[in-house]
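Chain letters run A, B, ... following the sequence lines, proteins first and then strands; every chain starts at 1.
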Amino acid sequence: MTDPLRIGVLALQGDFALHARALARCGVEPVEVRKPAQLADVDGLVIPGGESTTLLHLLSTWEFVPALERFHAEGRPVFGTCAGLILLAREVTSPAQSSLALIDLAVERNAYGRQRESFEARGEAVLGGRRVPVEMVFIRAPRIRRVGPGVEVLARRDDEPVMARQGSVLVATFHPELTADVTVHAHFCEMVRRAREGRAAAGGPGDAGHERAELDPAARGGAA
Amino acid sequence: MDELSGLRVADRKHIGLAEMLKGGVIMDVTNAEQARIAEKAGAAAVMALERVPADIRREGGVARMAAVAKIKEIQETVTIPVMAKARIGHFVEAQILESLAVDFIDESEVLTPADEHYHIDKFAFTVPFVCGARDLGEALRRIGEGAAMIRTKGEAGSGNIVEAVRHMRAVVGGVRRLTTLGAEELMTEAKNLGAPYELVRWIARHGKLPVPNFSAGGVATPADAALMMQLGAEAVFVGSGIFKSKDPAARAEAIVQATTHFRDPKVLAEVSARIDRQENSAMAGIETSKLAKDELLQTRGW
């Protein structure tokens, strides 16, 4: 277990480079992921901010959805910010669009308004049982409208949930990657480290190379 | 972005929106139907304008901000960010666009300049601005005025990538050069560039612009888009290249794929093949070196 953690950042579109930098600051090796097969080599995945319609389009073209579902089923953690949260939520409104449904939340897109209504705030999160201050930048952000029973709210702003976790899935409506504060990323890295240790202890399927190779969709040429 | 503290540049939330658009394609659209096609093809944002640059070039006359009704129609059609162009120096067009809650204002040389001396004071607005630049000095003057994003100008409506390449190389090369200079050389360099000293010093230390740097003006094919990305563009604007082609929806989609997979020649070949079936489907394009000086859009602004 001396291997450094490798955490993927979905690099189809969006602020993936800033997430990669935040992960590097946490001492983790970030890996830009543009093809589903690359998921085999990473212990966790960040889905960055960007445009959720664009990301959804590229995810479906490259047949990422089954690979991501399997990645999640193997217990590998996923962290989504803003558009990433929209892709991970069970239900999306304004307008309705499909999603991976890996966390039991309902989110409303662009729920504060257009860019003119984007804002910054200082808030508090509860991470690993500790209350920590968090700098929050909201950009054309979604709002969480319903929280499922299995979901733990980790941070609120004005009594509204802005960060949440269900099992191995972590989400935030704001962008910690736009700040110098790596608290949230460090928390995610810790989730990934524990998940990897758990898989190793269980001798589970997660680390078997031959199984990982199956993530590569055979029919890529026919995509689009 | 945290390293920006202490530097007078656009708001973090505005530069942040530019960050969210990285790796994406921003497409010029003139109506709701085009906006719908663009969004469906995977555009990260659309740019609302009255006429695409190729038509402005052909028809001549004064090119102004798009009609308010058109902008509203486009805003109501798509959920991705909607940008719109204001004339250089026309701060009232910008005020109108701000009141419409446009997500980004492009103070653009594609429109006829309204002021021959001054660009808009972009700090006075609650929405972000993107501005064109041909070299590092011009980019830094615009950033100094509050632009949250730079796009290299290229030659809009030409369908010819050569000017976009020239400008991207000038900006990227200019940044690289600053990192090689000694501290005592920076003030003279700022004077020569006509750029704010604080920004010159910041770039010398960080080796990049303090705001995202996108490419515009001449992208007509997936290969053009990938070329600009490999040269250092962080996203791509496509103007006339899509809706002046014979296959807008397929071309838009192919350029989106090429911008994401810009380092993967296999993917580039694959997406190019999808739109090559129709002969001469890309816009015809212009040999920009044959254009008269007063026909160039890139020389507007300073």
Query raised in the report: With distance as the sole criterion, is a donor-acceptor pair present between the side chains of B:Gln257 and B:Arg274 under 3.5 Å?
Result: no
Query raised in the report: So what's closer than 4.5 Å to chain B heavy atoms on A:Ala17: side chain, backbone, both or neither?
Result: neither
**Report entry** Options B:Gly23, B:Gly42, B:Ala45, B:Pro212, ranked by heavy-atom pairs under 4.5 Å with chain A, top entry
**Finding:** B:Gly42
**Report entry** Heavy-atom pair count under 4.5 Å with chain A, highest-scoring of B:Gly24, B:Ala41, B:Pro128
**Finding:** B:Ala41
Requested in this report: Select all residues of residues 97-106 of chain B having any heavy atom within less than 4.5 Å of some heavy atom of chain A, and report them by number, or 'none'.
Outcome: B:Glu98, B:Ser99, B:Ala101, B:Asp103
Query raised in the report: Between B:Lys22 and B:Glu19, is there a salt bridge with N-O shorter than 4.0 Å?
Result: yes
Query raised in the report: Between A:His19 and A:Phe79, what is the ring plane arrangement, given parallel below 30°, perpendicular above 60°, and tilted in between?
Result: perpendicular
Query raised in the report: Given that the side chain runs from C-beta out, which part of B:Ala43 has a heavy atom under 4.5 Å from chain A: side chain, backbone, both or neither?
Result: backbone
Query raised in the report: Taking atom types as modelled, is there a side-chain donor on A:Gln97 or A:Thr53 under 3.5 Å from an acceptor on the other?
Result: no
Requested in this report: Can you tell which part of B:Gln75 gets under 4.5 Å to a heavy atom of chain A, answering side chain, backbone, both or neither?
Outcome: both
Query - Interface residue of largest heavy-atom contact number with chain B, from A:Ser118, A:Pro95, A:Ala11, A:Gly14, under 4.5 Å - result: A:Gly14
Query - Interchain contact, A:Arg114 with chain B, by part (heavy-atom threshold 4.5 Å) - result: both
Query raised in the report: Which bit of A:Leu12 is near chain B, if near means a heavy-atom gap under 4.5 Å: side chain, backbone, both or neither?
Result: both
Requested in this report: For the residue pair A:Trp62 and B:His261, categorise the inter-ring angle as parallel (less than 30°), tilted (30 to 60°) or perpendicular (more than 60°).
Outcome: tilted
Query - Residue selection (most heavy-atom pairs with chain A, distance under 4.5 Å) from B:Val25, B:Thr126, B:Ile80, B:Val78 - result: B:Ile80
Query raised in the report: What pair of heavy atoms forms the shortest contact from B:Ala48 to B:Ala66, and how long is it?
Result: O-CB, 4.2 Å
Report task. Just jot down the side-chain contact (heavy atoms from CB on, under 4.5 Å) partners of A:Leu127, sequence neighbours excluded, or say none. Result -> A:Ala125, A:Val132, A:Leu154, A:Met163, A:Thr183, A:His187
Query raised in the report: Does A:Glu74 come within less than 4.0 Å of A:Arg70, counting only side-chain N to carboxylate O?
Result: yes
Query raised in the report: Who wins among A:Glu135, A:Glu51, A:Glu117 for the most heavy-atom pairs under 4.5 Å with chain B?
Result: A:Glu51
Report task. Compute whether any side-chain donor of one residue and acceptor of the other, for A:Arg109 and B:Thr79, lie under 3.5 angstrom apart. Result -> yes
Query - No-hydrogen, no-angle side-chain donor-acceptor test under 3.5 Å, A:His185 and A:Glu177 - result: no
Query raised in the report: Are any side-chain N or O atoms of A:Asp15 and backbone N or O atoms of A:Gly49, one a donor and one an acceptor, separated by less than 3.5 Å?
Result: yes
